[in-house]
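Down below is the structure, laid out as structure tokens.
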Amino acid sequence: MKTDVNASSASEIAVAVKAAADPNDPIAAISRGETLPSEVHKSLADEEAVLDVKDFRLWYGAAQALYDINMSVPRGKVTALIGPSGCGKSTLLRSVNRLNDLIDIVKIDGDMVLNGDSVYGPGVDVIELRKRMGMVFQKSNPFPMSIYENVVYSLRIDGENRKSVLDEICEKSLRGAALWNEVKDRLDDLALGLSGGQQQRLCIARAIAAEPEVLLMDEPCSALDPIATGKIEDLIESLRGEYTILIVTHNMQQASRVSDYTAFMYLGRLIEYGATGELFTRPHLKATEDYITGRFG
Amino acid sequence: MSSSEKESKSSGRDASGRGSSGQGASGKGSSGNGGGWSERTRARSKSSLFAAGEPMVWLTGGALAACAFMVAGLLLLVLVKGLSTFWPASVIKLETPDGRTYMGEVTREDLYRPTDNVLADLDGEIARKAALEVEEKEGWAFRRLVRTGNFKLTQNHFSWVNEWEVAEASEPEWAMVLERLEWGRFYGFPEAFVLLTPISERTADGQGRTGEERMAEALGLVEELAGQGAEVQLVDDRFVNGRRGPALVDPAESATVQDLQGVAQVFRGPEQAWAKFQELHKESRQRWHDRRRLEKFDTGKVNHKQEEARLAVRELELELEEASGTAGEPDVRTRLADAEAKFEEVRTWADREFTRIRQEIDAINHENSRYQILMRTAGEGTRPEEQVLLRLDDVVRAYPANRLGWVDKAGIYLSRWSEFLTDEPREANSEGGVYPAIFGTVAMTLIMSLVVVPFGVLAALYLKEYANAGPVVSAVRIAVNNLAGVPSIVFGVFGLGFFCYVVGASIDEVLFAANLPNPTFGKGGLLWASLTLALLTLPVVIVATEEAVSAVPNSMREGSYACGASKWQTIRRIVLPRALPGIITGMILAIARGAGEVAPLMLVGAVKLAPELPIDGLFPFVHPERSFMHLGFHIYDVGFQSQNSEAAKPMVFTTTLLLIAIVAVLNFVTIAIRNRLRSKFAGGQF
Ligand SMILES: Nc1ncnc2c1ncn2[C@@H]1O[C@H](COP(=O)(O)OP(=O)(O)OP(=O)(O)O)[C@@H](O)[C@H]1O
Ligand SMILES: [Mg+2]
């Protein structure tokens, strides 16, 4: 709630400073009640999209949190979502696997397409849909069971009980999450006994165990120390190409280090979206530049 | 004013919350800041006594101490009284100057204020002593409650004896305590051991014999036994001191015999009597147990078979009524005829069996009646000393109280406990064991838990996980919580009205129609009692489960959904395991509440004395429709419904102790399970 107020007052200041200077400034446009289309770099046109967000809008009760988001997430690439607190990054991410359905007051409009299948279309089986995605949360949330069971959770709920299959996938996922060497001798221990960083990597292992088409990560490193953060960044690096990753981060350095593409969001809008290198060095919009250089947000 | 007051309050909260360190910090702050600010801070820090939080510490601590004191006091009372009941006391003999005697165990001693009337009624030596004592103790007097037993002779179990009446108090060496199956305890001295040979009233071919014939045989037996060392006497059933009973008669006085019982070899003297008693008592009791088994189980089995056959006939009769006039009638008729033939068969078999059992019982009885001990009383009150013959198999336990060492006493103590825990009650529940009540209590509590936990958990899961929050859910929740405040007797009434008379009666009509009008399920029983208590404890489980489920972090649920789990999978694999310790806490509370409940049970199946356990060897082995005994009800019954309440009082404490122990054991087991689960599912850092 509070961030909302801050954000809007910040925007008012920004408006006061720049409204006259740049008629194309999206922030000024927002404050005028108009929406300018998102600035999407050309480089994206060459990419094959795994996920296509189409005119997506979302309300929490009466309050609109996302406005006309149009965005395609390229296959096998790491795409970062940045933006000030409360701008709707988590909301967008949670909309992809329809976790927002769990909140009664949420209403949506528009659609997303995952590899050609509608996400919000009529008759979509949400559970089947979620099985095609993995999600890593800001706070690590291992389940109250053993490390092994945590990793193979999504297989268990699919009814997979063959030990050989489970063993293989468990090892593969834990290796993929760079956790295997640390836990291979205590797979039957409680997951809650791991350190915070290990728990987060365990959650990543759990998310990739079902080989998702998209891996959604919501500030996976925000509760971790630099060493653990480094490990997870290395991990994202190693997953690149194999998995499509959509990651929310507050950390500009992290975004520039790990991502191929970056999307800048502000007040529920997608402002600018492009290749990370270009967006960070030569942003097309002044607002983006202001944000990444820390002038507001 | 109002703002400064608010501040002082908030500072008080701070100080009590953070203790002295908080105060220290605020003190430092005040010295660092300047001007009016520092003054205000200083005013806050010493504003009032309440600000320092001291009174609250005392208040909370005091409340805790008061609670702990009351609980500990209650437990201590139960523990001390309960544990000391079975310790054998010594037997004391009190004699008064005017020739009265009281012998028995002292059960209580107290000081009381004798009224003037009481003192005025006294005379002679006693009046003098009484006046002296009352004067010395400033109006108070000392008295003892002596358990004198021998109810059949004196018509009372206990006597109050004033100290001023006592001319002589002694602990006679051979004073014995006999715990009997009937008529309570007997106190007296062993005179002799009697080995009786009964004289049959019938000849071998079943003809009656005359008194002369029997006497002739008796005298012949006397001749025969005379050479074997022991003294030989006739046993006659005659009036002694206005009371009819067996007595020893010298063969020389055979002319005075009224109702000859037999010839006895008499081993005189306390040592010999006690030695013989110890030698033969165990066998007698064993035979008695055999007899009891015949009476109970063998007879029960035959009865059961017979009843089964009768019910089969009755069922077909009912079927015939329904089928009369239809095509199926002839078929039913033939089956009925078969069943009737079968019933006849079973009946003749049963008659044969009953005769056999009767004969076996008679043989045992005959053998057991041979072993008797001749006791002499100390002469209760104004009565003279009397001799009494007691059958060995009637004596549960006997011991010369004043000759016992610590080890012997401990042995008796343990044997009483083991009887208490494993035997059936006797003497209108005031003596003997409480095994059926233990069984009933545990069985009822287990069935109750088995019912209430799944129901409560499912209901709470629906409320928390599935139902949309709204007025309906709130109403249900309020109703459930209020259920906890309904007096338990109301649940009893409901249980009786609904479970017994509606559900039970319907079951009877459908499944046990042949047995009507005798109810099978349509009356109080173990099952209905368990269900009633399950209803009673349902709110506890629901509330505990709701709380435990709410405490499961939402992030875990979301993680599970994100993996593609359905709602039920999430509940089963994540929510339930995580909430299990909390659910079990609810179960512990429910058990504690349910096991100690008495009032509703009186209406739905707990009885004073249940002839059969709800589980036995007769098909279908488990009989949840049977009424049962319950420790809580037992306490009520023994303590308040017993004729011999003074003797039953110690049993109240022992039974209470046992009930508490059982509840504690059930709880410890569940707590142990919970702790295992807790270390399995919870913990960790977030
Ligand atoms: N469950 C909810 N109910 C109502 N409003 C919500 C809910 N969750 C988020 N919002 C609102 O939606 C807006 C976007 O929130 P969101 O969590 O997506 O922001 P974010 O970009 O992830 O911020 P942060 O970087 O702080 O995580 C905010 O204004 C927030 O107040
Ligand atoms: Mg967020």
Side-chain angles (χ1 to χ4, degrees), chain A residues 90 93-94 96-104 125-146 149-159 188-196 198-199 202-203 206-210 212 214-218 223, chain B residues 457 461-474 544-545 547-585 673-686:
Chain A
S90 300
L93 205 67
R94 292 161 55 89
V96 175
N97 66 353
R98 292 189 65 170
L99 265 193
N100 278 333
D101 289 12
L102 301 176
I103 303 170
D104 295 332
D125 184 344
V126 182
I127 288 174
E128 285 308 314
L129 182 86
R130 288 190 189 133
K131 285 181 180 166
R132 296 165 62 185
M133 309 183 203
M135 186 159 188
V136 180
F137 295 79
Q138 180 170 5
K139 270 194 328 187
S140 62
N141 55 354
F143 301 145
M145 45 183 87
S146 69
E149 288 300 326
N150 258 281
V151 177
V152 300
Y153 185 78
S154 21
L155 292 113
R156 284 263 193 235
I157 56 178
D158 284 345
D188 290 327
D189 286 8
L190 268 189
L192 297 157
L194 295 173
S195 78
Q198 288 173 328
Q199 290 189 5
L202 179 67
C203 293
R206 187 175 72 199
I208 61 180
V214 184
L215 188 57
L216 308 168
M217 299 176 126
D218 193 351
Chain B
V457 168
L461 279 180
Y462 186 82
L463 280 180
K464 267 283 159 208
E465 296 281 326
Y466 287 104
N468 291 326
V472 178
V473 169
S474 302
T545 307
E547 237 140 68
V549 167
S550 308
V552 176
N554 234 344
S555 64
M556 280 194 188
R557 290 195 183 82
E558 288 191 341
S560 171
Y561 290 129
C563 284
S566 67
K567 186 147 206 168
W568 172 243
Q569 283 171 325
T570 303
I571 290 173
R572 205 187 74 73
R573 290 170 184 267
I574 309 286
V575 176
L576 271 188
R578 178 68 198 237
L580 210 51
I583 294 171
I584 291 178
T585 302
I673 296 173
R674 181 183 66 186
N675 289 349
R676 284 198 51 163
L677 291 173
R678 190 169 272 167
S679 62
K680 202 166 161 200
F681 294 122
Q685 346 86 338
F686 280 97

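Each chain gets a letter, A, B and so on, in the order the sequences are listed, and its residues count up from 1. What you see is a predicted model; the values in this text were computed from it and never measured. All values below were derived from every heavy atom in this structure, side-chain atoms included, with hydrogens, water molecules and symmetry-related copies excluded.
- Annotation for B:Cys563 and A:Ile157: closest pair O-CD1, 3.6 Å, computed over non-hydrogen atoms.
- Of the inter-residue distances, the one linking B:Thr570 atom OG1 with A:Tyr153 atom OH reads 4.5 Å to the nearest 0.5 angstrom.
- Closest of all the heavy-atom pairs between A:Arg130 and B:Gly564 is CB-CA, 3.9 Å.
- Residue B:Tyr462 qualifies as open at atom OH: its count of foreign heavy atoms under 6.0 Å is 12 or below.
- When heavy atoms are compared at a cutoff of 4.5 Å, A:Arg94 approaches chain B solely by way of its side chain, counted from C-beta outward.
- Ranked by heavy-atom pairs under 4.5 Å with chain B, the list A:Leu99, A:Asp104, A:Asn97, A:Val136 is led by A:Leu99.
- With a threshold of 4.5 angstrom between heavy atoms, B:Arg572 does not approach chain A through any atom at all.
- Shortest non-hydrogen contact noted between A:Pro144 and B:Arg578 is CG-CB, 3.9 Å.
- Note on A:Met133, A:Arg206, A:Arg156: by heavy-atom pairs under 4.5 Å with chain B, the leading option is A:Arg156.
- Rounding to the nearest 0.5 Å places CG of A:Asn141 at 12.5 Å from CZ of B:Arg557.
- Proximity to chain B involves both the backbone and the side chain of A:Ile127, based on heavy atoms less than 4.5 angstrom apart.
- Residue A:Lys139 holds its NZ atom at 10.0 Å from CE of B:Met556, rounded to the nearest 0.5 Å.
- Contact record, B:Gly559 with A:Phe137: CA-CE1, 3.7 Å, taken as the closest heavy-atom pair.
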Original post:
Please walk me through it: do B:Arg573 and A:Phe143 pass side-chain contact (heavy atoms from CB on, under 4.5 Å)?
Top reply: CA-CA 9 Å; B:Arg573 290 170 184 267; A:Phe143 301 145; over 6 Å; no
